[in-house]
Protein chains: 4
Amino acid sequence: MRVIINSGSTEMTKFDKSIDKNLITSKFGRLQRQFYSIRNNKMFELFVISIIIFSALMIGANSYQVSATTYQVLSVLDITITVIFLIEIIIRFIGEPNKKRFFHNAWNVFDTFIVLVSLIPIEDSELAVLGRLVRIFRVLRMVSIIPELRILINSLVKALPQLGYVMLLMFIIFYIYAAVGTTFFAAINPDLWGDIAVSLLTLFRVMTFEDWTDVMYETMTVYSLSWFYYLTFIFFTAFAFLNMVIGIVVNVLEQERQIEADLLKKDSDEPSMKELKQELAEIKALLQK
Amino acid sequence: MRVIINSGSTEMTKFDKSIDKNLITSKFGRLQRQFYSIRNNKMFELFVISIIIFSALMIGANSYQVSATTYQVLSVLDITITVIFLIEIIIRFIGEPNKKRFFHNAWNVFDTFIVLVSLIPIEDSELAVLGRLVRIFRVLRMVSIIPELRILINSLVKALPQLGYVMLLMFIIFYIYAAVGTTFFAAINPDLWGDIAVSLLTLFRVMTFEDWTDVMYETMTVYSLSWFYYLTFIFFTAFAFLNMVIGIVVNVLEQERQIEADLLKKDSDEPSMKELKQELAEIKALLQK
Amino acid sequence: MRVIINSGSTEMTKFDKSIDKNLITSKFGRLQRQFYSIRNNKMFELFVISIIIFSALMIGANSYQVSATTYQVLSVLDITITVIFLIEIIIRFIGEPNKKRFFHNAWNVFDTFIVLVSLIPIEDSELAVLGRLVRIFRVLRMVSIIPELRILINSLVKALPQLGYVMLLMFIIFYIYAAVGTTFFAAINPDLWGDIAVSLLTLFRVMTFEDWTDVMYETMTVYSLSWFYYLTFIFFTAFAFLNMVIGIVVNVLEQERQIEADLLKKDSDEPSMKELKQELAEIKALLQK
Amino acid sequence: MRVIINSGSTEMTKFDKSIDKNLITSKFGRLQRQFYSIRNNKMFELFVISIIIFSALMIGANSYQVSATTYQVLSVLDITITVIFLIEIIIRFIGEPNKKRFFHNAWNVFDTFIVLVSLIPIEDSELAVLGRLVRIFRVLRMVSIIPELRILINSLVKALPQLGYVMLLMFIIFYIYAAVGTTFFAAINPDLWGDIAVSLLTLFRVMTFEDWTDVMYETMTVYSLSWFYYLTFIFFTAFAFLNMVIGIVVNVLEQERQIEADLLKKDSDEPSMKELKQELAEIKALLQK
């Protein structure tokens with residue numbers, strides 16, 4: 001973990017360097033430098049975080065029955081938050097030395113999109129729901145602001161492809177069992193086994209052990225051997241899942257060891273056995289002269 | 001994981017070599033070589049995979065209520081898929097340099113069986129179900145086509161015997177508890193404890209924590225101390241299960257370390273401590289002359 | 001695992017040695033030697049295992065409704081099994097070179113006890129249940145016969161004291177929550193919170209997530225903040241449980257590494273760095289002469 | 001674990017030293033020394049532990065319906081226990097060489113607080129509940145008395161900040177899903193989705209798989225695609241949880257290895273490769289002279 005956070009700080013250093021190179025001359029450059037220092041200011045970050053928390057609390061407050069006055073206060077506060085977020089994004093954008101780079105970062109795009117959409121005034125009840133959703137997703141800005149969370153999410157996303165084949169295998173198991181389930185049990189309970197989509201959902205339910213015996217006992221009244229279907233399904237999915245977890249643990253441990261081994265190799269000025277042997281060979285040559 | 005996939009690619013190389021040796025002369029040999037190159041073609045693999053996915057989607061579509069026209073279209077498509085699969089198997093078989101080897105591979109046998117059975121025309125409603133099942137199991141061909149999935153399954157199957165004794169122990173625990181449960185609780189609820197098979201199923205349900213308290217509260221009305229039976233059962237099975245998981249994790253980590261240690265030994269041209277000592281002894285001998 | 005099984009085989013060797021020393025002269029000694037070789041015979045072991053499996057199947061058969069004739073057949077078979085087990089124990093006992101050692105082994109005591117109790121003829125319905133239970137526990141003889149299972153059980157039992165303090169901590173958490181639960185919720189639902197014993201059982205149910213929300217929603221109607229009680233309980237127990245599991249994993253990995261390190265030290269005839277330094281010092285001394 | 005317990009014993013040694021320095025002269029010093037030796041006496045510790053167990057049993061007994069006589073006996077016993085605890089705390093306090101240090105230890109503060117509060121005579125029914133609660137928390141004194149438990153709790157508390165960011169991420173996931181859930185499902189079932197607090201509780205329930213399909217099926221009657229909401233929630237939380245567990249395992253293994261590596265470095269008098277190279281360089285210099 002420490003290593004990952006270090007890589008985060010080196011990213012910062014890169015920014016500093018690119019500033020030094022490009023923009024010290026012009027007037028706009030001075031503004032940019034100023035905004036860049038604001039953006040990297042710890043106080044500014046804390047201020048934005050507290051605004052995000054405040055907006056989260058407002059979403060929570062909105063979920064309760066509120067009086068008309070409170071509602072008006074909340075509306076005004078909402079506009080204020082939107083404006084603050086807009087200013088913050090503008091500061092970030094101007095403060096960015098490399099404008100193209102700004103939109104290469106997915107988090108910046110997400111931030112900009114959320115802020116722009118929440119600017120649109122909404123009256124229509126249809127759009128009102130959308131407006132509320134956008135306000136809720138503003139809480140996700142927490143992740144884009146706090147570097148540790150951003151890193152955590154990135155490492156989670158990076159771990160996903162590793163799981164690819166086990167996931168595919170699991171889906172094949174699910175699909176085959178769902179198809180078999182639909183073939184045999186659709187007539188017994190169409191709500192649970194009516195078509196392949198519903199069967200997949202029912203099987204997911206069985207995997208989480210959620211009232212799975214109710215599902216089983218029902219089909220056992222018709223096919224008394226159908227317990228075999230459920231037990232094999234549970235065994236297969238449990239086995240695949242276990243395999244996935246163990247795979248991740250082993251991978252993470254391997255990576256940690258690799259990082260450590262690399263550090264050891266780089267940092268140490270310890271001579272290798274090969275070098276020692278070389279030295280010995282030279283001594284021997286001296287003696288045999 | 002990487003290591004396992006590497007072993008997959010060496011397998012390929014072996015095939016290439018056996019081709020070079022055996023069959024360059026005859027006319028059939030040329031056909032075989034041609035089909036072999038088709039078989040190993042990435043495009044051919046992708047085409048077969050997409051056909052399998054298409055056949056899986058058709059199974060899904062079949063689970064919904066379909067109009068008569070759609071049904072006829074689906075029937076024609078099904079025949080087309082069967083024919084494509086048949087051609088594919090024939091290409092594979094002719095392309096295989098060593099015909100005996102072909103049927104030594106369990107996946108090839110499975111593929112051939114599934115394709116041959118789906119050729120049989122089915123009218124009878126009894127056999128219709130079987131026909132549908134065979135079509136569903138065609139989705140499993142995904143595993144036999146994609147090498148990574150095949151390797152994954154093989155490694156899972158290899159891991160099974162390791163678990164043998166813990167599984168046996170777990171079954172003994174289940175069996176004893178089921179026998180005791182039947183002895184005492186059969187009169188209370190025959191549906192759950194009527195005979196040893198039903199009791200085993202009920203105990204499996206208790207192990208998955210699925211409404212286990214309902215089962216317990218019922219027997220506690222007669223035997224108020226029967227909570228002891230359930231709690232000890234949960235402890236024993238949880239303990240055995242935990243042991244099994246830890247056993248697998250430790251084994252996998254050991255294997256990884258073994259592989260790494262072997263790689264280190266083989267690849268490195270680093271002299272051993274023993275060699276260095278030998279060198280020193282020689283130097284000493286030179287000095288003492 | 002491999003190491004543990006090895007230790008099992010060394011145990012065998014010890015027996016062989018003790019035989020060589022003590023009893024080659026007398027006539028009884030010859031009988032003992034003969035029985036000892038029977039006892040260690042693989043065929044004899046397989047025969048006993050198949051009898052145990054057969055007796056397990058009979059227990060299963062007994063749990064179904066059987067006709068009078070079948071019942072009589074089963075009774076005769078039961079007597080046969082009991083006699084076979086008696087003979088087997090006698091062979092084992094006579095075959096044991098050191099009679100005192102025989103009863104120091106808990107599994108031998110268990111075997112003898114089970115066989116002796118099943119000799120008692122039972123007519124009374126009260127004792128009949130006891131007789132059936134003893135017959136069920138004969139299945140456990142499987143563990144005492146198969147060395148791998150015996151070793152597995154032993155290693156599980158050895159792992160228990162390690163868990164001692166975490167178990168104690170968990171019990172303290174349970175006890176405090178049960179006492180608090182009884183104080184507040186006894187009036188709401190005496191069946192779940194009536195006294196401390198019932199509350200402990202209810203909390204175990206909550207820990208397994210078995211319909212725990214039903215329990216919570218009921219108390220929330222009176223104490224609307226009681227969700228805090230359940231959530232903290234779940235967090236504490238989950239955290240303690242996780243800690244326990246991680247503790248076991250780390251311990252097992254440590255042991256494996258220790259065993260490996262010891263093997264490396266013992267087997268290797270590689271000189272240490274210290275030895276090399278000593279050699280160098282001697283060479284230097286020779287040069288400076 | 002062994003290492004941690006060792007650190008506990010070094011703490012003890014520190015105490016012994018501080019005694020030697022400060023207080024051998026005065027009369028009070030002699031008393032203090034006497035009490036200090038009582039405090040560290042194994043018998044005294046066992047006595048206090050047995051009193052705590054006895055008080056725990058009394059709490060249990062109180063939860064059952066008791067006769068008037070028993071109640072009076074229990075009351076007298078309760079006063080006795082309180083007095084014993086008071087004396088014990090006084091012995092501890094006087095026995096402590098450094099009075100300021102005494103209250104720096106959170107466990108001592110907890111002990112003193114619990115004992116002092118249980119001294120207050122309670123008649124009022126409102127306070128009676130508080131009195132009972134304080135008596136229950138006396139069981140926690142077990143943790144403050146047994147060093148191993150104290151160490152276990154300390155190490156658990158130290159592990160918490162590590163989990164900080166994953167916990168925060170999980171809370172953000174929960175909060176966003178709760179806000180979305182309230183927006184859409186509040187009208188369907190206000191008991192489960194009425195406001196943000198209730199929604200959070202419902203989502204925790206979904207995470208524990210407790211009748212989560214009942215919750216889902218209900219909302220699916222209105223929004224038929226709401227299964228997507230539940231499945232993504234389960235995936236996200238399961239993934240974050242898995243990540244947390246793996247993080248802890250890796251951290252614990254890393255720490256163990258670090259401790260071992262440090263021990264190896266400190267204890268060993270093995271020369272480094274660098275030292276050997278130095279030696280070789282000197283020999284070469286001697287030869288080239």
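Throughout, protein chains are lettered first and strands after them, A, B, ... in sequence-line order, and every chain is numbered starting at 1. Everything numeric in this text was worked out from a predicted model, so none of it was measured.
- In this structure, no portion of C:F209 lies under 4.5 Å from any heavy atom of chain B.
- Nearest heavy atom pair, residue C:Y64 against residue B:A197, reads OH-CB, 3.4 Å.
- Between C:F204 and B:F235, the two ring planes are tilted [angle within 30° to 60°].
- Heavy-atom minimum distance, B:T182 versus C:S63: CG2-CB, 3.5 Å.
- Of the atoms belonging to B:L200, not a single heavy atom falls under 4.5 Å from chain C.
- With a 4.5 angstrom heavy-atom cutoff, B:W212 touches chain C via backbone and side-chain atoms both.
- Put simply, of C:I146, C:D191, C:L140, the one with the most heavy-atom pairs under 4.5 Å next to chain B is C:L140.
- Going from atom OH of B:Y217 over to atom CG of C:L192 covers 5.0 Å, rounded to the nearest 0.5 Å.
- Of the two parts of C:I136, the backbone and the side chain both hold a non-hydrogen atom closer than 4.5 Å to a non-hydrogen atom of chain B.
- Taken from CE in C:M142 to OH in B:Y175, the straight-line distance is 10.5 Å, to the nearest 0.5 Å.
- With a 4.5 angstrom heavy-atom cutoff, C:A61 does not touch chain B via any of its atoms.
- C:V139 is not listed as a side-chain neighbour of B:F171, based on a closest heavy-atom distance of 4.5 Å or more.
- Contact annotation for B:A186: neither backbone nor side-chain heavy atoms come within less than 4.5 Å of a heavy atom of chain C.
- In this structure, chain B has a heavy atom under 4.5 Å from the side chain of C:I153, while its backbone stays farther away.
- Most heavy-atom pairs under 4.5 Å with chain C: of the set B:I173, B:D211, B:L169, B:T183, this distinction falls to B:D211.
- For B:Y165 (side chain) and C:L152 (main-chain N/O), no donor-acceptor pair under 3.5 Å exists by modelled atom type.
- Remark: B:T213 OG1 to C:L201 CG distance equals 9.0 Å, nearest 0.5 Å.
- Once rounded to the nearest 0.5 Å, the distance linking CZ of C:R138 with CD1 of B:I176 reads 12.5 Å.
- Within the model, atoms CD of C:E148 and CG of B:L168 stand 10.0 Å from one another, a figure rounded to the nearest 0.5 Å.
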